[in-house]
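Working notes, beginning with the structure itself.
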There are 2 protein chains.
Amino acid sequence: MADIYRALADPTRRAVLDELYERDRQTLFEICGRLTMKHGVASSRQAVSQHIDVLEEAGLVRVEREGRYRFHTIDTAPLREIAERWPARGREDGPT
Amino acid sequence: MADIYRALADPTRRAVLDELYERDRQTLFEICGRLTMKHGVASSRQAVSQHIDVLEEAGLVRVEREGRYRFHTIDTAPLREIAERWPARGREDGPT
DNA sequence: ACAATAGGCAAGCAGTCACTTGCATGTCAA
DNA sequence: TTGACATGCAAGTGACTGCTTGCCTATTGT
């Protein structure tokens, strides 16, 4: 499994996660369209596809294939590694 | 303030955070030595210095100058942005 | 079958990044 | 003051990354 931190390093990939967080089970074309419309990100289909590959390898996005469609779903579980690696200590107020 | 995600993207920078998480107020030379000894990271002083610059710009490391020493301290507060951007939802089990 | 749709693969290119190298600044002890 | 120590600055280099380009495969509708 690839590097989750490196996967998060790119702003377009974070926008993809934002979009999938709002709406699950989107296809590549849906993600592309919505990135352009709502997130002001103008990336080609191939570019977004490559970004999704990285997110998938990091375990942040899961894919279900159905016919000629590929539905993408966010998985926030791997993000916990970050919070658990450097937990807030003592006086710094903790998570909600 | 620079990109916290990009700051975390490099494994050496994460090792620096690990080290500072274990022990606060370390100088550059201390960090270099401990990175080599305990984390198996062999980076030059200049390389580590540049990494620390990135961490500092991301707000993850704070610096106190005293005489000819610079003491570095981790600040985990900016990490909360990540957990708050894509909070775990519904059935996915939450943090401890 | 045929065209249209959704996606996949891979080479090439330009920009960025981490690292090195070499020298400069500032502080402390003797 | 002088040398040793801790750090700072900046140019150059090789590798990596994100993106494009061009073509290919698979599925669906008519």
Side-chain angles (χ1 to χ4, degrees), chain A residues 1-20 23-37 39-58 60-74, chain B residues 1-20 23-37 39-58 60-74:
Chain A
M1 171 130 358
D3 196 333
I4 178 184
Y5 300 95
R6 185 155 285 172
L8 292 175
D10 186 89
T12 301
R13 283 197 287 270
R14 297 198 292 271
V16 170
L17 290 182
D18 288 338
E19 180 51 41
L20 288 178
R23 174 187 283 224
D24 261 353
R25 283 181 63 81
Q26 293 193 58
T27 68
L28 177 57
F29 273 66
E30 284 175 316
I31 295 172
C32 283
R34 286 169 165 265
L35 278 184
T36 307
M37 297 301 146
H39 299 262
V41 177
S43 289
S44 71
R45 176 184 67 85
Q46 290 84 348
V48 173
S49 176
Q50 286 169 2
H51 282 308
I52 289 181
D53 287 344
V54 176
L55 291 170
E56 200 182 341
E57 281 170 21
L60 289 165
V61 163
R62 266 175 301 177
V63 176
E64 299 168 76
R65 182 119 220 186
E66 279 180 31
R68 65 174 150 177
Y69 299 103
R70 253 172 66 106
F71 296 107
H72 302 84
T73 300
I74 190 175
Chain B
M1 172 129 359
D3 196 333
I4 178 185
Y5 300 95
R6 188 156 283 167
L8 292 176
D10 186 271
T12 300
R13 284 197 286 271
R14 296 197 293 273
V16 169
L17 290 182
D18 288 339
E19 181 49 43
L20 288 178
R23 173 187 285 225
D24 262 355
R25 282 181 64 79
Q26 293 192 58
T27 68
L28 177 57
F29 271 67
E30 284 175 316
I31 295 171
C32 283
R34 287 170 164 265
L35 279 184
T36 306
M37 297 301 147
H39 299 263
V41 177
S43 289
S44 70
R45 177 184 66 85
Q46 290 85 347
V48 174
S49 175
Q50 286 168 1
H51 282 308
I52 289 179
D53 287 343
V54 176
L55 292 170
E56 201 183 342
E57 281 170 21
L60 288 165
V61 164
R62 268 175 299 178
V63 176
E64 299 168 75
R65 182 119 221 186
E66 278 179 33
R68 64 175 150 175
Y69 299 103
R70 254 172 66 105
F71 296 106
H72 302 84
T73 301
I74 190 174

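Everything numeric in this text was worked out from a predicted model, so none of it was measured. Each chain gets a letter, A, B and so on, in the order its sequence line appears, and its residues count up from 1.
- Contact of the A/His72 side chain with the A/Leu20 side chain is registered, since non-hydrogen atoms from C-beta on lie closer than 4.5 Å.
- Regarding A/Leu28, its CG atom lies at a distance of 14 Å from the C1' atom of C/dC9, rounded to whole Å.
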**Q.** Contact letters for nucleotides 20-25 of chain C, in which S counts primed atoms plus P, OP1 and OP2 and B counts the base, heavy atoms under 4.0 Å
**A.** BBB---

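- For the pair A/Phe71 CZ and C/dA6 C1', the interatomic distance rounds to 11 Å; values are reported in whole Å.
- The side-chain heavy atoms of B/Phe71 and B/Thr27, taken from C-beta on, include a pair separated by under 4.5 Å.
- Annotation: of the two residues near DNA chain D, A/Gly67 and A/Thr12, the 5′-most nearest-nucleotide partner is A/Thr12.
- In this structure, CD in B/Glu56 is found 11.0 Å from OG1 in B/Thr73, a value given to the nearest 0.5 Å.
- Nucleotide C/dA29 holds its P atom 7 Å from the CZ atom of B/Arg68, rounded to whole Å.
- Mapping A/Asp10 and A/Glu66 onto DNA chain D via the closest heavy atom, the residue that lands nearer the 5' end is A/Asp10.
- The OH atom of B/Tyr69 sits 12.0 Å away from the CZ atom of B/Arg25 when rounded to the nearest 0.5 Å.
- Using a 4.5 Å cut-off on side-chain heavy atoms (C-beta onward), B/Leu35 and B/His51 make no contact.
- Summarising the geometry, atom OG1 belonging to B/Thr12 is positioned 11.0 Å from atom CG belonging to B/Leu17; distances are rounded to the nearest 0.5 Å.
- Side-chain contact check for A/Leu60 versus A/Leu8: some heavy-atom pair is nearer than 4.5 Å.
- Scanning DNA chain D 5' to 3' for nucleotides with an atom closer than 4.0 angstrom to a non-hydrogen atom of chain A gives a first and last hit of D/dT17 to D/dT28.
- Look at NE2 on A/His72: it is 13 Å from P on C/dA6, rounded to the nearest Å.
- Counting heavy atoms from C-beta on, the side chains of B/Cys32 and B/Thr36 never come closer than 4.5 Å.
- Between the CZ atom of B/Arg70 and the P atom of C/dT27 there is a distance of 13 Å, rounded to whole Å.
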